Amino acid sequence: MGNGDVGIELGARVAGALRRGLGVEITPAEAVIRPSTRDGVDYQCNAAMSLAKKLGKPPREVAQAIVDDLDSADLVATAEIAGPGFVNIVLSDAWLADRAAALLGDERLGVEPVAEPRRYALDYSSPNVAKEMHVGHLRPTIIGDAILRLLRFAGHEVVPHNHLGDWGTPFGMLIEHLLDEGWTPGGGHSISDLNGFYQAARVKFDTDEGFATRSRQRVVLLQGGDGATLALWEVLVEQSTQHFEKVYAELGILLRPEDIYGESFYNPYLADTVADLEAKGITEVSDGALCVFPPGFTNREGDPLPLILRKRDGGYGYFTTDMATVRYWIGERDMTDLLYVVGAPQAQHFAMVFAASRMAGYLTDAHSAVHIGFGTILGEDGKTIRTRAGGTVKLSELVSDAVAHAAKTVAERSSLDADAQERVARAVGIGALKYADLSNDREKDYTFSWSRMLAKEGNTSVYLQYANARCHSVLAKSGQDVAAAPAVALTEPAERALALALLRLPAAVDAAATAYAPHKLAAYLYEAATTFTTFYDTCPILKDDVPADVRASRLVLTKLTSDVLTLGLGLMGIEAPHEL
Ligand code: ARG
């Protein structure tokens, strides 16, 4: 790690004390330093218990060795043994103050890039062509985007890729429908209503025998690489991509057209991948289909579950493509870690793909492959959300609703002009949409509620954005340049608590990035903002009778709070306007 975290620094000191006192070697992380929940204690060291077992010594004796050598250090004010062998640590005020002051002007706010960067391939968003993005795409899109930002900021290399569903049987009917509508490639047509287009094709397919036959023949032509058919297919992909682009731009999502690696991209790799798996001797023919049976996967009857590589009719499916994704990103792009942000129902699909990839040696101990699953978004009635008419909610509508709801909140108390109000409403609305999602443990379902996500109190982006705007307003009113004299003095408990909270950003970024868990960053930001609120309520900054040096110090803390909130929200793809 070594990511600028105070806990890791303390861990290094504990390791030093143990080396000198008992002659044992541990890493800073093995010192198990955790923020303490006890009043008046900053951190707790939990290493003595487990070490005691290893060393065959009483835990308190190990704790004593830590304490004996630690309190001489500059950063520790007191270190005391508690209970069976915990060590309670209080940091020195002067050290905390200097450390906080040093963050001023530091773009990374103390977060050091990871020592050993990894190479991540990150599959996220991944909607299907010829359909509009709907509420079901919200989570894979914004969770993936936050993970991309987090991992990059942590210092890793990340290649995002958008696994568009752009291949398969529906394209036969879609292309035939295009032709019926008189389309030609380059004819300058555009589909204003993707869903309507899809539904019209579907209806014809279900009711018109001739159309259905033509559609099936068209699939064969498409898969056979017929030029004219491919040109029409490209029109469909292009039309859909334009729609996705628009939604991504509205939502502030980093994915670009060049990040598209749709199912069709892997086509040229499928036959070769299947042949390779056959050559490795891990395939079996079952019911006419070529399969791998990764051990440990069975159906309800206890029969082994097949990962189907080639169907009885010779066709390839979803499994085949995903085996090819693993082989491509590891083998051709030299990635170390594969991440797939896809809903929980596909957990078994990915578990089987990963297991088969390990059997084939595509994945080795040097690699990780992770399905980043997530729960469902529920309506306030506890069921999956739908429109009033019972349809699926379009993502673009959700975005405009969010902005409209936010506009009301903003207009209520804002002194901004109309243009600024609109900009702020976007930041607040889209922020709320993202934060309501990202602040929840992604594995769990969550309930979608405009009033809750736009509440000014509680763990919401609006609360964080208001706290940040308050900081900016104080700084503007002060008329001072905080960077000119970045001296911090911590005398009031609320000042000290705020400095301590600000210094925990590196730990929060690390925890969120390592577990692919943006909610850990959100929880931290909320804690930092509430700590700031207490500080703001109890420590006057601009009042006349505040001494100049105290004011200067408090302004530094205020500036740092705003920096931390802005950076943290940014890592979740959320803007932090100066004024609200
Ligand atoms: N398009 C798929 C769907 O809508 C998601 C694709 C996820 N990525 C993958 N490599 N399978 O369900």
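Predicted model only: the values in this text are computed from it and were never measured. Note that ligands are numbered from 1 as they come in the structure, with each ligand's atoms numbered from 1 the same way. Basis for what follows: all heavy atoms, side chains included, without hydrogens, waters or symmetry-related copies.
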Fill in: R218 to F171, cation-pi by 6.0 Å centre distance and 45° axis angle
no
Fill in: Pairwise salt bridge (Lys or Arg N to Asp or Glu O under 4.0 Å) hits with a residue in residues 237-263, at least two apart
none
Worksheet item: What residues form a salt bridge (charged side-chain N to carboxylate O under 4.0 Å, His left out) with E132, not counting sequence neighbours?
Response: K394
Practice prompt. Using salt bridge (charged side-chain N to carboxylate O under 4.0 Å, His left out) as the criterion, list what pairs up with R214, not counting sequence neighbours.
Written response: E176, D180
Worksheet item: In order of chain and number, which residues sit within 4.0 Å of ligand 1 by heavy atom?
Response: D123, S126, N128, H163, Y318, D322, Y340, V342, Q346, F350
Discussion item. Could you check, using the six-membered ring where one of them is a Trp, whether Y266 and H163 have ring centers closer than 6.0 angstrom?
Written reply: yes
Discussion item. Could you tell me if S264 and D166 have a donor-acceptor pair between their side chains, going purely by distance under 3.5 Å?
Written reply: yes
